[in-house]
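The analysis underlying the following values was restricted to heavy atoms, covering all of them including side chains, and did not include hydrogens, waters or symmetry mates. Throughout, protein chains are lettered first and strands after them, A, B, ... in sequence-line order, and every chain is numbered starting at 1. Nothing here was measured: the structure is a model prediction, and the numbers come from that model.
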Number of protein chains: 2
Amino acid sequence: MGRKRTKSGKIRLAEVAELAGVSPITASRFFRNPEALSVAKRTRVESAAKELGYVPNLAARALASQRTEVIGVLIPSLTNNVFSDVLRGIYDASEGSRYSIQLSNTRYSILQEEKLLRLFLAQKPAGLIVTGIDQTAESRAMLQAADCPIVQIMEIGPDPVDMMIGFSHYDAARAAIAHLFEQGHRKVGFVGARMDPRVQRRLDGYISAMKDAGSFDQRLVVTTATPTSVTLGGALFTDLLAREPDMDAVFCANDDLALGVLFECRRREIAVPGQLAIVGFNDLEFMASAVPTLTSVRTNRYEMGKTAATMLINAIEGRRPEQPVLDLGFKVIERQSSSARRSDSRPAVSGAAAANKMIALPSSHD
Amino acid sequence: MGRKRTKSGKIRLAEVAELAGVSPITASRFFRNPEALSVAKRTRVESAAKELGYVPNLAARALASQRTEVIGVLIPSLTNNVFSDVLRGIYDASEGSRYSIQLSNTRYSILQEEKLLRLFLAQKPAGLIVTGIDQTAESRAMLQAADCPIVQIMEIGPDPVDMMIGFSHYDAARAAIAHLFEQGHRKVGFVGARMDPRVQRRLDGYISAMKDAGSFDQRLVVTTATPTSVTLGGALFTDLLAREPDMDAVFCANDDLALGVLFECRRREIAVPGQLAIVGFNDLEFMASAVPTLTSVRTNRYEMGKTAATMLINAIEGRRPEQPVLDLGFKVIERQSSSARRSDSRPAVSGAAAANKMIALPSSHD
DNA sequence: GTCGTTGCTGGTAGCGCTGTCAACGTTCCT
DNA sequence: AGGAACGTTGACAGCGCTACCAGCAACGAC
């Protein structure tokens, strides 16, 4: 015997079709491809839907059409400021589209990523955004086999699965070191935490630049697998300083570490940039406002997320980009903390006049 | 005539049932309520599913059962650190459960919230997490009428829709001001940005505490609707200082503003806490590491998210909490920036010994 | 005048799963 | 021993929507 479900007060497509005096399939088409209807029926269905307050049942649609309108997003962290900017871009781009975002957190584990990927793919997403280029072989095979567009974000590299948008962390680190050398700094330390693949590539860039200058020394590098924090920046810098007291600059793998180094310098009464230059990475908002203002490498995180989602949605709807790999670049934002080496040991700037100038500096926010 | 769809390579429940030698409905029950099966059939279905690599089709399940396994989450911002902690808690709690998180960003607009709520409710979510207690009348009516559990997070107040978890921003602000008074500060300014309802209630708490002490003066309050930032903290403090140069403490509505005030003080060579005490709000990680270390009001954001999601899932599955309203409280973390008023104008601490002690301080991270 | 061609519309038959109820076998109670 | 109570299983009929084709009218080309 059949069910005696309460027919769930909701109005269905059939009701809309009846009120509009068309067949259900015509009404269905109205919601998916209005241009296919004659103008007369289009307006009839439209007003009928509005009158009844019709909302399509997505589960039924997904079941019947064998696809969903879900964009899966795999990111390694929810805490990291960097990803919240990217996410904001993704959500902004998806807003107003028919697609909804399904977010999952890999916690920097490519095994977890593989597991989540399997889960996502089983639900036939409309598209997928994944972080980075270091998937497991199994993940990569699944991505290749997936019949939906895919965007890899955060960095660019050879051999994209489908589309790719990011920048070269290696080149960005090299540019930061080049800037320090231009300013006369020679003995540049590296401080890194978490050491995910992108931080690793920043380290590789640092190493190559230092080697080019004939200044590389393994003892100048301090890293840890521990998640990053301001406090950790101070601690790592303390280690580095114990090893290499005559260092004249530090390149930090991110801005939180840089802030930690700055505070530690203040505690130790090390003048920045007089005795030590500091360069961070990402150009978070506070970098422009610190005392001294902190040099950093600006990355276009919000744009990355927004562009990735826009490209993905376009690809889902059949408009593939001319250029599937997009390098959004970076920019070394030169501030006080890395200004030219000098012999005196007093902070370069203090007082309100300079402060006001700093406040006017552009930041990565939009 | 029927369709000639490619039967989509996927294996279905029916195949699993056939291999296991049971009816489809029995196999179905295995995935929803394994205890209802005899042990023999349970293991047969289990191994059949594993052998075939069966993954349930959620769209079909949602359509047939008239409900989804989606938890809707409405938060006002993706940028704000505070919400990323809450979100992390929510995602952590949902992991391993059958429920998936559907996130939407209201951008601090209750009208946008109402719109999103309508959208969510149409899809019959399993549960809903909404931020705050200041919904529109229409939103509130929809929430009351929704036939799913609902948790309001971030603050507690009278008249919960269903469940509620948070703390009193009003009391927290009062406690911060009380702490400043205990330390001998009297002329306490207030710096606030964004001025969402929770910040507004912090301001209300500040005002009431100042009035209790007979020290309230409207000129001590500087606020703006602009989104918060470190830079903005410095700018607002500059305004405040121009009005009230003899202020001896500042209570900042959040930690970013507090950091901005600290940097501005450094620029102006105002000693903290010698000439000015600073108290922030939220106790972000960097507060323990700044120089001087910054006093703040610790709030349990991660726990809030995690507990909210856990309570919600329990309620969805019929285990309603004994206590539907949960106050997670707060704690004033007293640090150097608000230590007792003194006449000299040098920072209270400098040097590595003190720094190490600071690093060991507990923080809100887990 | 006939034959495509194009544009629009509708009928049919599911998509893969689960709610409801009935039916069965077993155990326990009186 | 009879019956109630319980635990376990299966049949059936959809959930609300869309893919696939067929059909029809209008139009132009030959």
Side-chain angles (χ1 to χ4, degrees), chain A residues 1-45 48-49 52-69 98 122-124 126, chain B residues 1-45 48-49 52-69 98 122-124 126:
Chain A
M1 199 161 295
R3 66 189 58 187
K4 296 207 180 82
R5 287 176 192 173
T6 44
K7 268 256 170 54
S8 82
K10 304 292 307 177
I11 20 80
R12 287 162 307 169
L13 188 58
E15 271 101 278
V16 176
E18 193 179 10
L19 180 60
V22 299
S23 73
I25 190 66
T26 301
S28 167
R29 270 191 278 262
F30 169 77
F31 292 101
R32 291 174 295 143
N33 184 18
E35 288 73 33
L37 299 201
S38 62
V39 181
K41 304 221 168 185
R42 201 184 307 172
T43 53
R44 291 237 299 283
V45 176
L52 296 172
Y54 171 71
V55 180
N57 180 321
L58 299 185
R61 177 178 290 176
L63 181 59
S65 66
Q66 297 281 58
R67 56 193 154 66
T68 61
E69 282 164 356
R98 59 207 296 180
Q123 300 309 324
K124 306 199 186 218
Chain B
M1 199 161 294
R3 66 189 59 185
K4 295 208 181 83
R5 287 174 192 173
T6 43
K7 269 253 169 55
S8 82
K10 305 292 308 177
I11 22 78
R12 288 162 304 169
L13 188 58
E15 271 102 278
V16 176
E18 194 180 8
L19 180 60
V22 299
S23 72
I25 191 67
T26 300
S28 166
R29 268 192 279 262
F30 168 77
F31 294 101
R32 293 175 293 145
N33 183 19
E35 287 74 33
L37 299 202
S38 64
V39 180
K41 304 222 169 184
R42 201 185 307 171
T43 54
R44 290 237 300 283
V45 176
L52 296 172
Y54 171 71
V55 180
N57 180 322
L58 299 186
R61 177 178 288 175
L63 180 59
S65 66
Q66 298 280 60
R67 57 193 154 67
T68 60
E69 282 164 354
R98 59 208 293 180
Q123 300 309 324
K124 304 198 187 220

Mind checking whether F31(A) and L13(A) have side chains closer than 4.5 Å, heavy atoms only?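 In contact.
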When you check the phosphate oxygens OP1 and OP2 of [N], does a side-chain N or O of [X] lie under 4.0 Å from one of them?
X      : N       : result
S65(A) : dT18(D) : no
Q66(B) : dG16(D) : yes
K41(A) : dG10(C) : yes

Let me know the distance between [atom1] of [X] and [atom2] of [N], rounded to the nearest Å.
X       : N       : atom1 : atom2 : answer
Q123(A) : dC15(C) : CD    : P     : 18 Å
R67(A)  : dC17(D) : CZ    : P     : 15 Å
E15(A)  : dC15(D) : CD    : P     : 11 Å
R44(B)  : dT8(D)  : CZ    : P     : 15 Å
L13(B)  : dT9(D)  : CG    : P     : 15 Å
L63(A)  : dG16(D) : CG    : P     : 12 Å
I11(B)  : dC15(C) : CD1   : P     : 15 Å
I25(A)  : dC17(D) : CD1   : P     : 11 Å

Excluding sequence neighbours, so at least two apart, what forms side chain to side chain donor-acceptor pair (under 3.5 Å) with T26(A)?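 Applying side chain to side chain donor-acceptor pair (under 3.5 Å) to T26(A) gives S23(A).
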Using the test side chain to side chain donor-acceptor pair (under 3.5 Å), find all partners of T43(B) that sit at least two apart in sequence or belong to another chain.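 Scan of T43(B) (side chain to side chain donor-acceptor pair (under 3.5 Å), adjacent residues dropped) gives none.
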Strand contacts (DNA chain C) in residues 26-38 of chain A, 4.0 angstrom heavy-atom criterion: T26(A), R29(A), A36(A), L37(A), S38(A)
Under 4.0 Å, counting only non-hydrogen atoms across every strand here, what does R42(B) touch: a base, just sugar-phosphate, or nothing? nothing
[atom2] on [Y] to [atom1] on [X], rounded to 0.5 Å:
X       : Y      : atom1 : atom2 : value
L52(B)  : R12(B) : CG    : CZ    : 11.5 Å
L63(A)  : T68(A) : CG    : OG1   : 12.0 Å
L58(A)  : R98(A) : CG    : CZ    : 10.0 Å
K124(A) : N57(B) : NZ    : CG    : 8.5 Å

Near DNA chain D, which residues from residues 53-61 of chain A have a heavy atom under 4.0 Å away?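 Nucleic-acid contacts, sorted: Y54(A), P56(A), N57(A), A60(A), R61(A).
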For I11(A) against Y54(A), the heavy-atom pair lying closest together: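 Heavy-atom minimum between the residues: CD1-CA, 3.3 Å.
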Within residues 32-42 of chain A or reaching into it, pairs that qualify as side-chain hydrogen bond (donor to acceptor under 3.5 Å, both in side chains) - sequence neighbours excluded: S28(A)-R32(A)
Only counting residues at least two apart or in another chain, list the ones meeting side chain to side chain contact (heavy atoms under 4.5 Å, CB included) with A20(B).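 V22(B), R44(B), V45(B), A48(B).
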Using C1' atoms of five pairs at each end, report the bend of the helix from dG1(C)-dC30(D) to dT30(C)-dA1(D) rounded to 10 degrees.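 The value is 30°.
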May I have all residue pairs that pass salt bridge (Lys or Arg N to Asp or Glu O under 4.0 Å) and include part of residues 55-68 of chain A, sequence neighbours excluded? R61(A)-E69(A)
For residues 19-30 of chain B, which residue pairs qualify under salt bridge (Lys or Arg N to Asp or Glu O under 4.0 Å), counting only residues two or more places apart or in two chains?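 Checked against salt bridge (Lys or Arg N to Asp or Glu O under 4.0 Å) - neighbours excluded - no pair reaches residues 19-30 of chain B.
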